[in-house]
K.L.:
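Submitted below is the structure of interest, expressed as structure tokens.
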Amino acid sequence: MDIFSGAGYGIARIRAPESDNNYNYIVWCTETSECAVIDPFDPVPILNFVRQGNLRIKYIINTHCHPDHIKGNDPILKVTMSEILVHPLGRDMVSPRSRALNGGDTIEVGRLKLNAIHTPGHCPEHLILVMGENLFSGDTLYLAGTGNLKNRGDANELIKTIENTVRTLPDGLRVFPGHDYSESNLRFALDLEPGNKEASKRLKQIEKLRMKGKEPAPSTIGEEKKYNPFLRYDSPGIMKELRKRNPDLGDEKPSYFIELRKLRDGWK
Ligand SMILES: [Zn+2]
């Protein structure tokens, strides 16, 4: 587990045991001890942390309703007074002890404010949350990657989300994603852009940390723009590389994104 502290808040990042590299987050207000839990997988480490810190869970926020992001909801509801916040399109996939959270809504946790942004693509109900200089990006954005489209995903929606939302976020925002696939994402990025120095620098840094048993430091939106192939899918270098692998690609930009996604899905 890693703790990130800032003015009036704390963030605990927990790698959920026996998960698909899921990250769970607890965000708390240091003045009121109220907290929110984001995408709980295993309730045990979350509840232990909350009890040890004398925190009070106000909300469970689900960025989206894939099973590995809502698995810990019910066990936490059972032992706390909390309720779930989820996009209306995901409401019927979680407990009725929930409330609709729309893009544009602001959530209050103690003195903290979290702003929800609707980012369909990985699935229709996906939301990301901005709290000050921090972004909880769920499966919309990973370090050097994005979520796949295998479970209710839509490529054209994800392209719109990337162009109209993700790429317009402030460069300084720190990214807290729903999963950690950092090394394989960066190796894939380097396979497409072997000369990308930012990608190789980041990969080396993460490999070093991992040898010491440490997790990667969060990236920023500015860094993602430099090495995340899904934010760079329409850059001349990546388009050229994709055309090399599939000469049938024409002028339609979305087809390049789809090709990139296909390559990543089949990449090991
Ligand atoms: Zn997902």
Side-chain angles (χ1 to χ4, degrees), residues 13-27 36-43 46 59-76 84-95 98 100-103 114 116-130 134-162 165-166 169 175-185 188 215-216 218-219 221 224 228-231 233 257-258 260-267:
R13 180 180 68 179
I14 300 170
R15 175 181 281 271
E18 285 165 56
S19 68
D20 178 16
N21 300 302
N22 284 67
Y23 275 146
N24 291 175
Y25 298 97
I26 302 162
V27 185
V37 172
I38 300 175
D39 289 349
F41 182 91
D42 184 341
I46 294 170
Y59 297 125
I60 298 167
I61 307 171
N62 295 135
T63 60
H64 64 295
C65 297
H66 284 155
D68 58 327
H69 292 255
I70 61 174
K71 191 168 175 268
N73 283 4
D74 291 346
I76 294 174
I84 297 166
L85 297 181
V86 68
H87 189 274
L89 294 171
R91 243 356 240 295
D92 59 358
M93 288 177 261
V94 300
S95 157
S98 58
L101 181 63
N102 284 286
L114 286 83
I117 306 174
H118 188 212
T119 56
H122 175 66
C123 56
E125 74 276 14
H126 205 295
L127 291 165
I128 60 174
L129 299 146
V130 177
N134 307 291
L135 170 71
F136 299 96
S137 60
D139 290 0
T140 291
L141 180 69
Y142 305 137
L143 196 154
T146 58
N148 64 43
L149 302 167
K150 292 175 185 169
N151 186 354
R152 300 185 287 114
D154 182 306
N156 289 311
E157 288 289 312
L158 187 54
I159 293 169
K160 269 194 253 166
T161 281
I162 283 174
T165 305
V166 177
L169 293 168
V175 184
F176 290 101
H179 296 264
D180 171 32
Y181 307 129
S182 307
E183 287 98 321
S184 56
N185 282 346
F188 176 70
E215 300 279 322
S219 63
I221 290 291
E224 292 301 326
N228 188 325
F230 291 92
L231 305 194
Y233 81 97
F257 188 91
I258 292 164
L260 184 64
R261 189 63 254 172
K262 218 192 309 170
L263 279 176
R264 179 66 183 94
D265 290 343
W267 198 81

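Note that ligands are numbered from 1 as they come in the structure, with each ligand's atoms numbered from 1 the same way.
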K.L.:
May I ask you to check whether His69 brings an N, O or S atom to under 2.8 Å from the Zn ion (ligand 1)?
P.N.:
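Not a single backbone or side-chain N, O or S atom of His69 is under 2.8 Å from the Zn ion (ligand 1).
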K.L.:
Please find the N/O/S atom of His66 nearest to the Zn ion (ligand 1) and write down its name.
P.N.:
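Closest N, O or S atom of His66 to the Zn ion (ligand 1): ND1.
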K.L.:
With distance as the sole test, does Asn22 use its side chain to make a donor-acceptor pair with the main-chain N or O of His179 at under 3.5 Å?
P.N.:
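Judged by distance alone, no pair lies under 3.5 Å.
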K.L.:
Closer than 2.8 Å to the Zn ion (ligand 1), do we get an N, O or S atom from His122, backbone or side chain?
P.N.:
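Yes, within the cut-off.
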K.L.:
Quick one: report the N, O or S atom of Asp139 that is nearest to the Zn ion (ligand 1).
P.N.:
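For Asp139, the N/O/S atom sitting closest to the Zn ion (ligand 1) is OD2.
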K.L.:
Do His64 side-chain atoms and Gly90 backbone N/O form a donor-acceptor pair below 3.5 Å?
P.N.:
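Not confirmed, His64 side chain does not pair with Gly90 backbone.
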K.L.:
Does any N or O in the side chain of Glu224 come within less than 3.5 Å of the main-chain N or O of Leu231, such that one atom is a donor and the other an acceptor?
P.N.:
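No, because the side chain of Glu224 does not come within donor-acceptor range (under 3.5 Å) of the backbone of Leu231.
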K.L.:
Whether Arg13 engages the ring of Tyr25 as a cation-pi pair (distance to the six-membered ring centre under 6.0 angstrom, angle to the ring normal within 45°) should be assessed.
P.N.:
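Judged by the rule (NZ or CZ under 6.0 Å from the ring centre, within 45° of its axis), Arg13 is not positioned above Tyr25.
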K.L.:
Considering only N, O or S atoms, which atom of His64 is nearest to the Zn ion (ligand 1)?
P.N.:
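Going through the N, O and S atoms of His64 one by one, NE2 ends up nearest to the Zn ion (ligand 1).
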K.L.:
Backbone or side chain, does Cys123 get an N/O/S atom under 2.8 Å to the Zn ion (ligand 1)?
P.N.:
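Checking the Zn ion (ligand 1) against Cys123, no N, O or S atom falls under 2.8 Å.
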K.L.:
Are Ser98 and Arg91 close enough that some pair of their side-chain heavy atoms sits under 4.5 Å apart?
P.N.:
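Ser98 reaches Arg91 side chain to side chain.
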